[in-house]
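Shown next, in structure tokens, is the structure this report addresses.
Since this is a predicted model, take the numbers as computed values, not measurements. Values below: all heavy atoms of this structure, side chains included; hydrogens, waters and symmetry mates excluded. The first residue in the sequence is number 1, and the count goes up from there. Counting starts at 1 for both ligands and their atoms, in listed order.
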Amino acid sequence: MIKVAINGYGTIGKRVADAVAAQPDMEVIGVSKTSVSAEAYIAKERGYPLYIADLGKKPAFEKAGIEVAGDVEAMLKAADIVVDATPGGVGEKNRPIYEKLGKKAIFQGGEDHEVAGFSFNAHANYNEAENHQFARVVSCNSTGLVRIIHALDQAFGVARVRAVMVRRGADPDDVKRGPIDAIVLNPASIPSHHGPDVNTVLPHINIVTLAMIVPTTFMHMHSIQMDLKKETTREEVLKVFENHSRIGLVRKTMGIKSNAQLREYTQDLGRPRTDLWENGVFEESVSILDGKEFYCFQAIHQEADVVPENIDCIRALMGTVKDSQESIRMTNEALGLVAIG
Ligand SMILES: NC(=O)C1=CN([C@@H]2O[C@H](COP(=O)(O)OP(=O)(O)OC[C@H]3O[C@@H](n4cnc5c(N)ncnc54)[C@H](OP(=O)(O)O)[C@@H]3O)[C@@H](O)[C@H]2O)C=CC1
Ligand SMILES: O=C(OP(=O)(O)O)[C@H](O)COP(=O)(O)O
């Protein structure tokens, strides 16, 4: 069993912890936080040993009825590998301790590529991970882009990508963030960081991205155009998506035309935390013009799509499963991830 520590038990960390616990070849040896809050009670409820960054805060946790197993360093020592899901920028500060203890670590998209020196996506570059000590799972938007670009690149070749990201303003629990009544260009300059981020995994792709944020909390929406190298048809493209285990199709007949309806659907499916782990490509939007111009809209659930990627990244870095498709299959089966559509 691979012993996994999750440093940072927040939006991403709590999902990764549950995903690790569901795998047949992994166990959660601890999760960490800095302060007493609702998520500390969830860790207790799930039976995950809770470690804290500053042992000086132990009395506050104990007063709240939450047992503290030790400090973060103790957690790291007990682990084979750590998933660092601390807020963006903190991972970089944590890197020296992983180096000191000689632990493998996975960083998230809030860190720069250079923090790990290797950026990861299970379908695109699983086999390049072995022998690395560090990897970074690219951000939620970049993960969604890499999946669809790589799939079409494998099938038809991709000459160039132009994409617009309409990004959710905040996660559902993030009461301090906005916007409440605005469409904010984020950034106003072009390109947004997503294109260069895609290039950390797929360096040969010609891509330009634009991004803005809007007052929603559930899912980003992408408007994507790609020029393909080989002529194809809409039907052939849909087949590629149907055969991809992390690209789902929001069928026309479902009548879903928004993130809100898609959320209702994942909730009704009984997905944990309503998570949409796969890309949600809107079938009706999938278009091929002049044989080579591809268009679509896709929804990306920001809290969820990186979760299975973190699980595959654990196996890829540990070198325990050599075949990417086998790891992806194991992860999906343990999560109950059967792509929608
Ligand atoms: N949320 C999203 O939509 C996505 C986020 N990401 C990336 O994932 C990473 C994590 O983001 P997210 O989960 O949203 O962040 P959250 O703020 O939800 O969670 C961060 C967690 O880290 C804990 N923490 C903070 N500092 C430390 C520390 N020094 N040592 C140990 N634990 C610490 C916090 O505990 P406490 O609250 O007690 O301080 C909290 O549990 C970021 O890089 C982000 O960019 C990637 C894809 C999507
Ligand atoms: O990784 C994400 O977005 P990104 O792909 O736009 O960087 C997550 O939605 C977190 O983004 P945030 O920095 O707006 O919290």
Practice item. Kindly check if the number of other-residue, nucleotide or ligand heavy atoms within 6.0 Å of CG (Asp290) is above 12? Key: no
Exercise for review: Would you kindly check if the NZ (Lys) or CZ (Arg) of Arg263 is within the cone defined by 45 degrees around the ring axis of Phe218 and under 6.0 Å from the six-membered ring centre?
Suggested key: yes
Review point. Can you list the steps and then say if Gln261 with Met254 is a side chain to side chain contact (heavy atoms under 4.5 Å, CB included)?
Key: CA-CA 10 Å; Gln261 291 161 301; Met254 289 175 176; over 6 Å; no
**Study point:** Protein residue, atom and distance nearest to atom 15 (O) of ligand 2, heavy-atom basis
**Key:** Arg177 NH1, 3.0 Å
Check your understanding: What do you reckon, does Lys14 put a non-hydrogen atom under 4.0 Å from ligand 1?
Key -> no
Check your understanding: Can you list the ligand 2 atoms lying under 4.0 Å from a non-hydrogen atom of Cys140?
Key -> 1 (O), 2 (C), 3 (O), 5 (O), 8 (C), 9 (O)
Practice item. Taking only Lys NZ, Arg NE, NH1 and NH2, and the carboxylate oxygens of Asp or Glu, determine whether Arg160 and Asp227 approach each other closer than 4.0 Å. Key: yes
Point to revise | Atom indices of ligand 1, in the order listed, that fall short of 4.0 Å to a heavy atom of Tyr9 | key: 21 (C), 41 (O)
**Study point:** Option among His222, Gln302, His193 that satisfies the side chain to side chain donor-acceptor pair (under 3.5 Å) test with Asn141
**Key:** His222
Practice item. Indicate, as side chain, backbone, both or neither, the part of Arg167 found under 4.0 angstrom from ligand 2 when only non-hydrogen atoms are considered. Key: side chain
Point to revise | Contacting atoms of ligand 2, where contact means under 4.0 angstrom from a heavy atom of Asn141 | key: 3 (O), 4 (P), 5 (O), 6 (O)
**Study point:** Verdict with supporting geometry, Arg246 and Asp312, salt bridge (charged side-chain N to carboxylate O under 4.0 Å, His left out)
**Key:** CA-CA 13 Å; Arg246 291 190 186 153; Asp312 293 321; 2.7 Å; yes
Check your understanding: For ligand 1, does Thr34 get within less than 4.0 Å through its side chain, its backbone, both, or neither, judged by non-hydrogen atoms?
Key -> both
Revision key, fill the gap. CZ (Phe120) and OH (Tyr126) are apart, to the nearest 0.5 Å, by 6.5 Å
Check your understanding: Mind checking whether Ile328 and Leu335 sit in one hydrophobic cluster, side chains of I, L, V, M, F, W, Y counted as touching below 4.5 Å?
Key -> no
Review point. Under 4.0 Å from any heavy atom of Gln108, which atoms of ligand 1 are there?
Key: 7 (C), 8 (O), 9 (C), 43 (O)
Check your understanding: Between Gly10 and ligand 1, does any nitrogen or oxygen pair lie at a separation below 3.5 Å?
Key -> yes
Check your understanding: Which residue holds the protein heavy atom closest to atom 7 (O) of ligand 2, what is that atom called, and what is the gap in Å?
Key -> His193 NE2, 3.0 Å
Review point. For atom 42 (C) of ligand 1, is the nearest protein heavy atom under 4.0 Å away?
Key: yes
Exercise for review: Just let me know how Ile12 lines up against ligand 1, side chain, backbone, both or neither, with a heavy-atom cut-off below 4.0 Å.
Suggested key: both
Review point. Is it the side chain, the backbone, both or neither of Ala85 that has a heavy atom closer than 4.0 Å to ligand 1?
Key: backbone
Exercise for review: Select one of side chain, backbone, both or neither to describe which atoms of Met219 lie under 4.0 Å from any atom of ligand 1, heavy atoms only.
Suggested key: neither
**Study point:** Polar contact flag for Thr11 and ligand 1 (N/O pairs, less than 3.5 Å)
**Key:** yes
Review point. Which atoms from ligand 1 have a heavy atom of Val90 less than 4.0 Å away?
Key: 29 (N)
Check your understanding: Quick one: does His194 get a heavy atom under 4.0 Å from ligand 2?
Key -> yes
Point to revise | Ion pair Arg136/Glu92, N-O distance below 4.0 Å | key: no
Point to revise | Residues Arg271, Glu278: salt bridge by 4.0 Å N-O rule | key: yes
Review point. Can you list the atoms of ligand 2 that are under 4.0 Å from a heavy atom of Ser139?
Key: 1 (O), 4 (P), 5 (O), 7 (O)
Review point. Out of curiosity, is His220 lining ligand 2, as in a heavy atom under 4.0 Å away?
Key: yes
Point to revise | Salt bridge flag under 4.0 Å for residues Glu303 and Arg168 | key: no
Review point. Taking atom CD1 of Ile180 as the centre, does the number of heavy atoms from other residues, nucleotides or ligands within less than 6.0 Å exceed 12?
Key: no
Practice item. Starting from atom 11 (O) of ligand 2, find the nearest protein heavy-atom neighbour and note its residue, name and distance. Key: Arg168 NH2, 3.7 Å
Practice item. Compute the shortest N/O to N/O distance between Lys33 and ligand 1 and return yes if it is under 3.5 Å, no if not. Key: yes
Check your understanding: Is it true that Glu231 and Lys292 have a side-chain N and a carboxylate O under 4.0 angstrom from each other?
Key -> no
